[in-house]
Each structure stands twice: as C-alpha cells, then as structure tokens.
There are 2 protein chains.
Amino acid sequence: MATRTDAPTRREQILKEAARLFAERGFHGVGVDEIGAAVGISGPGLYRHFAGKDAMLAELLVGISGQLLKGAKRRLAEADGVPPEAVLDSLIEGHIDFALDDRPLITLHDRELDRLRDSDRKLVRQLQRQYVELWVEVVRKVYPELTEPTARSAVHSVFGLLNSTPHLGRPGALPGRGGMAELLHRMARGAFGAAGG
Amino acid sequence: MATRTDAPTRREQILKEAARLFAERGFHGVGVDEIGAAVGISGPGLYRHFAGKDAMLAELLVGISGQLLKGAKRRLAEADGVPPEAVLDSLIEGHIDFALDDRPLITLHDRELDRLRDSDRKLVRQLQRQYVELWVEVVRKVYPELTEPTARSAVHSVFGLLNSTPHLGRPGALPGRGGMAELLHRMARGAFGAAGG
DNA sequence: CCTTCAGGTTAACGACCGCTAACCTCCCTG
DNA sequence: CAGGGAGGTTAGCGGTCGTTAACCTGAAGG
C-alpha cells in the first residue's frame, strides 16, 4: 500500500469533511457554510476549490467507485494461478478494509447516488456495475452451482452485509477492528456458500 | 394476517406516498408540494392531516420500528416448545417479508433516523434496540458458541444483508419474489452459522 | 334552511441556502 | 520592488421551502 506521508491538500481536507457531514445529515441537510467551517474557512471560500456543492458530492462518489473498482482489478491481476477461493477472499478483504476504514464514504456510496447530475450518475453506476461483475465472475468460479442472476443478487446482499458497519454505534463494545473484519469475512463466505443450497 | 378490505384513509395515502418520495430523494430532497401532488391535493392541504413535514417522517419511522417489533414479539409468543432454529427462521421470514413488501419503509428506517426530533429519535432507537435484543437472544440459543457482542454484530450484519434488496434495480431479472425470499433466507442462516467459527 | 365543520384552495411571509461579486492580503517571482 | 495569482473575506441576490392566513365549498344534522 502506498502510504501517504505528506500533509493533505486543502481540497482533500474539504472532501473528507464533506463526506463526513453528508453521511451524517444527508446531502441536502448540510450547508456550504458548515462544510467551510469544518475546515476553518467560511462558506464561499469553498468555491476557490470546487465548482459547487454538487461537484464535491460527484467527486466523492466517482472517487469511491473508482477506488473500489481499481482495488478489485488489481487484486484480480495479482491472482494468476491462485485458486478462486483465495481470489474471493482477497476481494472480500479489500471491501471490508474499505467499509471499516472509510465508513462515511461507504454510507454515501449507496445513499446519495440520486443527487448527482445525470452524467455523473451514469459514470458512477457504470463503475459500480463493473465492480459487481468482477465479483459475480469470481463467485461463480467458487460456487459453480449458482446461476448468474442468483449470483448477482447474492453479491448485492453480501455488499449489504459488509456495508452494515456504519449502522453500529461508535466502536463501542464491538469485537474490535480485527475481530470485526474476521467476523464479517466469515459471514460473507458463509452467506455465499448457503446461497448455493 | 388481518387483511384490509376497506379503502385507505387520506392520512394513509399521504404516508405511503411520503415514504416513497423520502426513500427516493431523501427527506430534505422532497417538498411538501410534491407530497401533496402525489395524493392529488396541493402543498398546504397536508396540514389538515399532519402538524408538519417532520411529523410525517416521525410517524413513518415510529410505525416501522413498532411494526417490526410487534411482529417479532408475536412470533416469539407463538413459539412455545418450538425449537430455537424454527423461531429464528420465523424471525428471518418476518423480516424478509417486510424488506420485500415495504422497500421504501426499510430504506427510510436506516437512512433518515437522524432527521427526527430528539424525543422521536429516542423512541425509535428504543424500539430498534428491543428488536435487536430479541434477535440476539434467539440467535444465541441456536448458536451458543457466539458471545453476546459477536451475536449482536452478526445480527446487525444480517439486517444489512436482508435490507439490501432496495439497492437492486427494479424487479428486473431477479429470482422473483419467492426465489429472492428463499435466497435471502438461506444466506442469512449461512451467515449466522459461519459467524460461529 | 341555516349552521357547522372537514377538507380543500391560493397568496404570501420569513427563513435559509447556494452562489456570485467585489474586495483584500500574502507570497512568490522576474 | 513591482505585480500577479492563490486563497481568503463579507455583502447580498435570487430562488426555494415550510408554514400560516384567509377564504371557499359541499355534505351532514337539527
């Protein structure tokens, strides 16, 4: 993993805070003044960095979908000769890392898609579709008894399972980050296995 | 089930359309004029039936949580002498029926909770917590190897799995209502089973 | 037949919000 | 040391939205 050591740019600060606020109160529930205040500048100052509020959401959603897809593609490319079970495990692991480490983004990802301009929404949906298709292919290699529509539904359901972490109150009395990752991983595999029947 | 034969009241019409619109575009993304138009009256006419837009959302969310909890309690009460596996199956079945038949409500249920007044939010959260606790109890009877925090996390994750249906495009090429219910049921059981280890 | 009231209507107010305009202030560079 | 761009500021405009006010109408009841 290419760890960042340099300080985040202002743009990145803004995107991060906007993601948090959008996830907490919804796109329409957050004003530009609040976003500005979260990074220490005031409302209209944001327009030096983004064309508008919509552009922030668009960049966030396109970024998320792109990152997920890119990570999945990389994992598949590295999986030459690796048994499909291990590839699926790798996909699951990547998704879990994302869900646990970028909870606001995961929340936005399936909550605010409809607030985008048509062109942006199409782009995001296309990226999402590609991501799903990668999963479906791998899942069907591991569980050949699954038909294609069933596998697709199963993949969506497992996404729901993996993305459920934001709904858990703050870290709290949970199994902890490592334990949670392991639990989610086992449940995902169990769900896929049971989908066959 | 107590099937309704009489026509829905205007209040019920409004709630149903409001739920659909809120689920589609978010609470803040829908105007009262739109809600009114959806039932054939115009904006301010709604105020003959509800104190305000907030009151509609509150009634929806309290209603959902209450219905889910009531259904689960009824199922538990009917389960005297029944093996815990069957009780869990009954809970799962009830939740799936709700998720498949009232998709907008399920969507609202975990998306717009934070838009409520403090008192309403507390009430909804309390109902939700009770519902989760019922599940946790039953799950731990079926899978005694699960610790209590793990069982709770697993229950939340399975909710994520079962509630994922709204994310699937319109009915489409899916397995169909019956097949989808069966698929979700198997996956939920598989996920719980795998949570143990 | 008059009253009442449930359930509508339109007009309009006040608040808020996204965005632009106009201006300021460093800091870098030739 | 001029000057110009990057990145802020505040004031304010225009539109939208939730809500209220004032008025209308048709049906039920004594």
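Labels below follow one simple rule: chain letters A, B, ... track the order of the sequence lines, proteins then strands, and each chain is numbered from 1.
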Exercise. Would A:Q67 and A:F98 satisfy side-chain contact (heavy atoms from CB on, under 4.5 Å), going step by step from the backbone distance to the final call?
Worked result: CA-CA 9 Å; A:Q67 246 182 278; A:F98 207 78; 3.6 Å; yes

Exercise. How far apart are the C-alpha atoms of A:K16 and A:D102, what are their side-chain angles, what is the distance that settles it, and do they pass the salt bridge (Lys or Arg N to Asp or Glu O under 4.0 Å) test?
Worked result: CA-CA 10 Å; A:K16 186 181 161 196; A:D102 296 283; over 6 Å; no

Problem set entry | A:E93 vs A:D89 side-chain heavy atoms within contact, under 4.5 Å | no

For this session: Please assess B:S119 against B:R117 for the test side chain to side chain donor-acceptor pair (under 3.5 Å), listing each intermediate value before the final yes or no.
Result: CA-CA 6 Å; B:S119 61; B:R117 284 173 33 228; 2.9 Å; yes

Exercise. Base, sugar-phosphate, or nothing: which does B:V30 touch, judged by heavy atoms less than 4.0 Å apart?
Worked result: sugar-phosphate

Exercise. Within the side chain of A:S90, is there an N or O that forms a donor-acceptor pair under 3.5 Å with the backbone of A:A86?
Worked result: no

For this session: For DNA chain C, note the earliest and the latest nucleotide, 5' to 3', having some atom under 4.0 Å of a heavy atom belonging to chain B.
Result: C:dG7 to C:dA11

For this session: Within residues 40-55 of chain A, find the residues that approach DNA chain C with a heavy atom at under 4.0 Å, and present them sorted by residue number.
Result: A:P44, A:Y47, A:R48, A:G52, A:K53

Exercise. Charged N to carboxylate O below 4.0 Å: is that the case for B:R75 and B:E78?
Worked result: no

Exercise. Roughly how many Å is it from CG in A:D33 to C1' in D:dT10, rounded to a whole number?
Worked result: 12 Å

Exercise. Side-chain contact, heavy-atom cut-off 4.5 Å: A:K141 with A:E85?
Worked result: no

For this session: Check step by step if side-chain contact (heavy atoms from CB on, under 4.5 Å) holds for B:V158 and A:M187.
Result: CA-CA 9 Å; B:V158 167; A:M187 292 181 77; 3.8 Å; yes

Problem set entry | Selection: residues 111-123 of chain B, any non-hydrogen atom under 4.0 Å of DNA chain D | none

Problem set entry | Lys/Arg-Asp/Glu bridge criterion (N-O < 4.0 Å) met for A:R20, A:E17 | yes

Exercise. Can you tell if the side chain of A:D54 reaches within under 4.5 Å of the side chain of A:F27, non-hydrogen atoms only?
Worked result: yes

Seminar exercise, completed: When rounded to whole Å, the CD to C1' distance for the pair A:Q13 and D:dG8 reads 14 Å

